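Owing to the predicted nature of the structure, the values given are computational and were not obtained by experimental measurement.
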Amino acid sequence: MDGVLDLALKDKVPLTTWIDFHELAGFTIEYENAFLRLDNLAISVVFVNFYDKYNDWLHDNVSGKPRDWPDVLQFTRLVRNAMAHDGCILIRGERAVGAKWHHLAYEKADNGTRLIGTSLHAGDLLILLVEASQELDRLLTAAAPSA
């Protein structure tokens, strides 16, 4: 029987897929933490794709300096960068500034602090995506030529 990768290499689509779970001898896992990490990983993929889709537009139409962006988009940038650095805050650059969103605020002094999976989980990231999307809609509407 061909696996998913085998079929893909043959330019075919599987009719069904399955996942098997097998116990590994001598290996223990904290299920709650494992599922939280899986949730965070899944939303991180969506989050990074969302941010990267609009990054160039923001630089070209709002400001080439992210510190001039609205707070929610600055924070979205900070979170996206944390996702690229094992979930930890990394603020670089001499003029780089931190970001804030609701009750959360981070500065350069917080570099190395784990953000994803501690202060922010999948639900928080979804809310941040919605708020960032609403802000982008507002900016896109404001930038559109009036008819």
Side-chain angles (χ1 to χ4, degrees), residues 1-9 13-143:
M1 180 183 332
D2 287 331
V4 174
L5 183 57
D6 296 318
L7 290 171
L9 292 171
V13 178
L15 296 176
T16 59
T17 58
W18 62 94
I19 299 175
D20 289 330
F21 294 93
H22 302 276
E23 183 177 353
L24 297 175
F27 183 79
T28 60
I29 189 166
E30 297 176 31
Y31 288 101
E32 181 178 335
N33 290 337
F35 285 110
L36 287 175
R37 285 194 307 271
L38 182 59
D39 282 350
N40 291 332
L41 178 61
I43 191 64
S44 292
V45 171
V46 173
F47 197 99
V48 169
N49 284 331
F50 172 87
Y51 176 84
D52 288 352
K53 182 177 178 180
Y54 294 102
N55 185 42
D56 289 341
W57 186 90
L58 286 165
H59 279 275
D60 294 343
N61 295 283
V62 177
S63 175
K65 301 173 185 172
R67 67 178 173 265
D68 296 333
W69 297 355
D71 286 349
V72 69
L73 297 176
Q74 287 183 39
F75 196 82
T76 302
R77 180 177 185 267
L78 180 132
V79 170
R80 185 261 181 248
N81 288 344
M83 289 175 176
H85 293 93
D86 196 29
C88 297
I89 295 170
L90 180 63
I91 302 171
R92 288 190 274 195
E94 194 174 300
R95 296 183 183 194
V97 297
K100 61 185 178 188
W101 179 62
H102 295 287
H103 66 284
L104 299 173
Y106 299 97
E107 300 292 333
K108 280 185 182 180
D110 297 308
N111 277 351
T113 301
R114 181 161 301 283
L115 179 62
I116 310 304
T118 56
S119 297
L120 293 175
H121 294 280
D124 305 304
L125 296 170
L126 285 172
I127 292 168
L128 179 56
L129 276 177
V130 168
E131 291 184 16
S133 179
Q134 290 170 339
E135 183 63 24
L136 283 165
D137 288 345
R138 187 188 69 73
L139 291 170
L140 288 165
T141 301

Spacing of CZ belonging to R77 relative to CD1 belonging to I91, to within rounding of 0.5 Å: 9.0 Å
For R80, all residues meeting salt bridge (charged side-chain N to carboxylate O under 4.0 Å, His left out), sequence neighbours excluded: D52
Distance in Å, I89 CD1 paired with E107 CD, rounded so as to fall on 0.5 Å steps: 9.5 Å
Distance from L115 atom CG to H121 atom NE2, nearest 0.5 Å? 10.0 Å
D124 side chain near L104 side chain, heavy-atom distance below 4.5 Å: no
Could you tell me which non-hydrogen atom of G112 sits nearest to which non-hydrogen atom of C88, and how far apart they are? O-SG, 3.7 Å
What distance separates D56 CG from N61 CG, expressed to the nearest 0.5 Å? 10.0 Å
Here the gap from Y54 atom OH to D60 atom CG, rounded to the nearest 0.5 Å, amounts to 14.5 Å
Within the distance-only criterion (no hydrogens, no angle test), does the side chain of N81 pair as donor or acceptor with the backbone N or O of L78 below 3.5 angstrom? no
For a side-chain contact (heavy atoms from CB on, under 4.5 Å) check, start with the C-alpha distance between W101 and V72, then their side-chain angles and the critical distance, and finish with the verdict. CA-CA 6 Å; W101 179 62; V72 69; 3.9 Å; yes
Pairs where residues 108-118 contributes a residue and the test side chain to side chain donor-acceptor pair (under 3.5 Å) is met, not counting sequence neighbours: D86-R114
Mind listing the side-chain donor-acceptor pairs of residues 62-69 below 3.5 Å, one per line with the distance, residues two or more places apart or on another chain?
| from | atom 1 | to | atom 2 | distance (Å) |
| --- | --- | --- | --- | --- |
| S63 | OG | K65 | N | 3.0 |
| S63 | OG | K65 | O | 3.3 |
| S63 | OG | D68 | OD2 | 3.2 |
| W69 | NE1 | S63 | O | 2.9 |

Report the residues that fulfil ring-ring contact (aromatic ring centres under 6.0 Å, His included) with F47, sequence neighbours left out, ordered by chain and then residue number. none
Which atom pairs, one a donor and one an acceptor, fall under 3.5 Å between side chains of residues 133-140 and the rest of the protein, sequence neighbours left out?
| from | atom 1 | to | atom 2 | distance (Å) |
| --- | --- | --- | --- | --- |
| E135 | OE1 | R138 | NE | 3.4 |
| E135 | OE2 | R138 | NE | 3.1 |
| E135 | OE2 | R138 | NH2 | 2.5 |

Short question: side chain of N49, backbone of V45 - any donor-acceptor pair under 3.5 Å? yes
Partners of Y106 by ring-ring contact (aromatic ring centres under 6.0 Å, His included), sequence neighbours excluded? none
